[in-house]
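Everything quoted here is computed from the prediction, not taken from an experiment.
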Amino acid sequence: MSEPLNVKELVGEYVRLEPLGEAHVDELVDAAGEQRDAYGFMIVSQGHDAMLADVRGLLAEHANGDVVPLVQISVATGRAVGMTRFMNIRRRVGEETPYAVEIGGTWLSASAQRTGINTEAKLIMLAHAFEVWGVGRVDVKTDVRNERSRRAIERIGATFEGVLRHWQPSMVPGEEKQLRDTAMYSILDTEWPGVRVDLRSRLL
């Protein structure tokens with residue numbers, strides 16, 4: 001078990017990322033219920049009990065040092081519109097801060113998609129990873145069949161590294177017993193300055 005990593009609020013023009021808590025459950029239920037067919041490749045809890053269980057599970061993982069779960073809050077409305085997290089946190093023995101992390105577990109309500117929120121959330125999370133933690137690498141991955149997600153990952157400047165065959169359980173409804181092929185992308189610390197400039201330009 002590793003010590004949990006704690007992240008304070010990360011604030012942008014369109015989105016505020018704040019540590020996940022049970023107080024967010026009701027708003028997350030509303031956000032997740034807007035348009036369920038928007039989550040074809042992602043498991044997003046439906047209903048209060050399922051969302052509460054999901055949140056409690058993530059909080060337990062955070063306590064174990066495995067993830068840093070964050071809620072995406074629309075600056076315009078002040079309401080939760082989704083979740084994201086730092087995950088697959090890798091640290092050298094004896095060090096608290098990571099040398100590499102993954103950004104994933106991301107979902108947004110249908111109304112928050114294609115609004116700049118996702119782009120800005122990635123920008124401020126990447127900035128925290130590279131500039132505060134000093135990581136050398138950030139992973140981003142998705143189901144190899146999810147063309148929309150793959151194009152979005154490529155737009156933030158991540159480099160495609162290949163396909164990991166049968167890498168993890170599928171998150172597609174009805175495929176619970178199947179393993180999916182995963183498209184793996186990354187951004188390195190040496191690439192971050194250019195990626196940062198490009199992401200900022202996309203928000204203008």
Side-chain angles (χ1 to χ4, degrees), residues 1-12 15-22 24 41-43 45 53-72 82-107 118 120-144 146 149-150 152-154 156-171 179-199:
M1 180 185 298
S2 300
E3 288 297 314
L5 283 172
N6 293 306
V7 174
K8 297 180 180 180
E9 284 189 345
L10 304 176
V11 182
V15 65
R16 182 177 77 253
L17 302 178
E18 59 184 49
L20 175 68
E22 290 189 19
H24 295 113
F41 290 92
M42 179 69 189
I43 297 173
S45 297
D54 188 18
V55 168
R56 287 176 173 171
L58 288 169
L59 293 176
E61 289 185 56
H62 174 250
N64 288 334
D66 297 327
V67 302
V68 180
L70 301 167
V71 178
Q72 303 188 82
M83 286 197 288
T84 189
R85 58 186 177 266
F86 293 107
M87 53 197 289
N88 288 330
I89 297 165
R90 283 100 78 194
R91 301 183 244 205
R92 295 180 180 89
V93 175
E95 294 187 5
E96 293 184 7
T97 55
Y99 65 83
V101 297
E102 177 183 344
I103 292 176
T106 303
W107 64 268
N118 182 60
E120 188 174 55
K122 293 296 191 295
L123 171 62
I124 57 183
M125 291 179 76
L126 287 166
H128 189 85
F130 286 116
E131 297 171 17
V132 177
W133 289 335
V135 303
R137 170 190 171 98
V138 172
D139 306 329
V140 189
K141 67 180 188 291
T142 189
D143 191 307
V144 73
N146 191 346
S149 178
R150 293 183 68 175
I153 292 170
E154 290 163 4
I156 69 171
T159 297
F160 176 60
E161 294 185 323
V163 176
L164 304 175
R165 299 180 301 164
H166 283 197
W167 180 249
Q168 66 188 79
S170 174
M171 297 183 184
L179 296 176
R180 80 175 198 193
D181 293 345
T182 292
M184 177 63 77
Y185 295 79
S186 70
I187 300 171
L188 305 184
D189 53 353
T190 53
E191 300 164 341
W192 167 236
V195 170
R196 179 178 55 205
V197 169
D198 184 62
L199 283 175

Problem set entry | For F160 against A183, the heavy-atom pair lying closest together | CE1-CB, 4.1 Å

For this session: Only counting residues at least two apart or in another chain, list the ones meeting ring-ring contact (aromatic ring centres under 6.0 Å, His included) with H128.
Result: W133

Exercise. Could you walk me through whether R91 and L5 pass the side chain to side chain contact (heavy atoms under 4.5 Å, CB included) check?
Worked result: CA-CA 11 Å; R91 301 183 244 205; L5 283 172; 3.8 Å; yes

For this session: Kindly compute the distance separating CZ (R137) from CD (E191), expressed to the nearest 0.5 Å.
Result: 9.5 Å

Problem set entry | Stepwise side chain to side chain contact (heavy atoms under 4.5 Å, CB included) check, F130 with V135 | CA-CA 5 Å; F130 286 116; V135 303; 3.7 Å; yes

Exercise. Tell me, do R150 and V144 make a side-chain contact under 4.5 Å, heavy atoms counted?
Worked result: yes

For this session: Please name the pair of heavy atoms, one in I89 and one in P98, separated by the smallest distance, quoted to 0.1 Å.
Result: CG2-CB, 3.8 Å

Problem set entry | For A63 against P4, the heavy-atom pair lying closest together | O-CD, 3.9 Å

Exercise. For the atom pair CG (L59) and CG (N64), what is the distance rounded to the nearest 0.5 Å?
Worked result: 11.5 Å

Problem set entry | Least distance between heavy atoms, H24 atom then P19 atom | CE1-O, 3.2 Å

For this session: Output, in order, the C-alpha distance, side-chain angles, deciding distance and verdict of side chain to side chain contact (heavy atoms under 4.5 Å, CB included) for M184 and V163.
Result: CA-CA 6 Å; M184 177 63 77; V163 176; over 6 Å; no

Exercise. How many angstroms lie between NZ in K8 and CG in L17, if you round to the nearest 0.5 Å?
Worked result: 15.5 Å

For this session: Determine, step by step, whether I156 and Y185 satisfy the side chain to side chain contact (heavy atoms under 4.5 Å, CB included) criterion, reporting the C-alpha distance in whole Å, the side-chain angles of both residues, the deciding distance to 0.1 Å, and the verdict.
Result: CA-CA 11 Å; I156 69 171; Y185 295 79; over 6 Å; no

Problem set entry | Student check: side-chain heavy atoms of D139 and R90 closer than 4.5 Å | yes

Exercise. Given side chains that start at C-beta, do those of V15 and I124 come closer than 4.5 Å, heavy atoms only?
Worked result: yes

Exercise. Closest heavy-atom contact between H62 and P69?
Worked result: CB-CD, 3.7 Å

Seminar exercise, completed: dist R180:CZ -> D143:CG (nearest 0.5 Å) comes out at 5.0 Å

Exercise. Just wondering, do K141 and E102 contact through their side chains at under 4.5 Å, heavy atoms?
Worked result: yes

Problem set entry | Separation between CE of M87 and OG1 of T84, rounded to the nearest 0.5 Å | 9.0 Å

Exercise. How about R85 and L20: do any of their side-chain heavy atoms sit closer than 4.5 Å?
Worked result: no

Problem set entry | E131 and R196 ion-paired at < 4.0 Å | yes

For this session: Measure the spacing between CD1 of I153 and CD1 of I103 and express it to the nearest 0.5 Å.
Result: 10.5 Å

Exercise. Considering residues at least two apart in sequence or located in another chain, which fulfil the ring-ring contact (aromatic ring centres under 6.0 Å, His included) criterion with Y99?
Worked result: none

Exercise. Does the side chain of M42 reach to within under 4.5 Å of the side chain of N146, using non-hydrogen atoms?
Worked result: no

For this session: May I ask you to test the V132-V7 pair for a side-chain heavy-atom distance under 4.5 Å?
Result: no

Problem set entry | Closest approach of A129 to F86 (non-hydrogen atoms, all atoms of both residues) | CB-CE2, 4.2 Å

Problem set entry | Heavy-atom side-chain contact between L70 and E18 under 4.5 Å | no

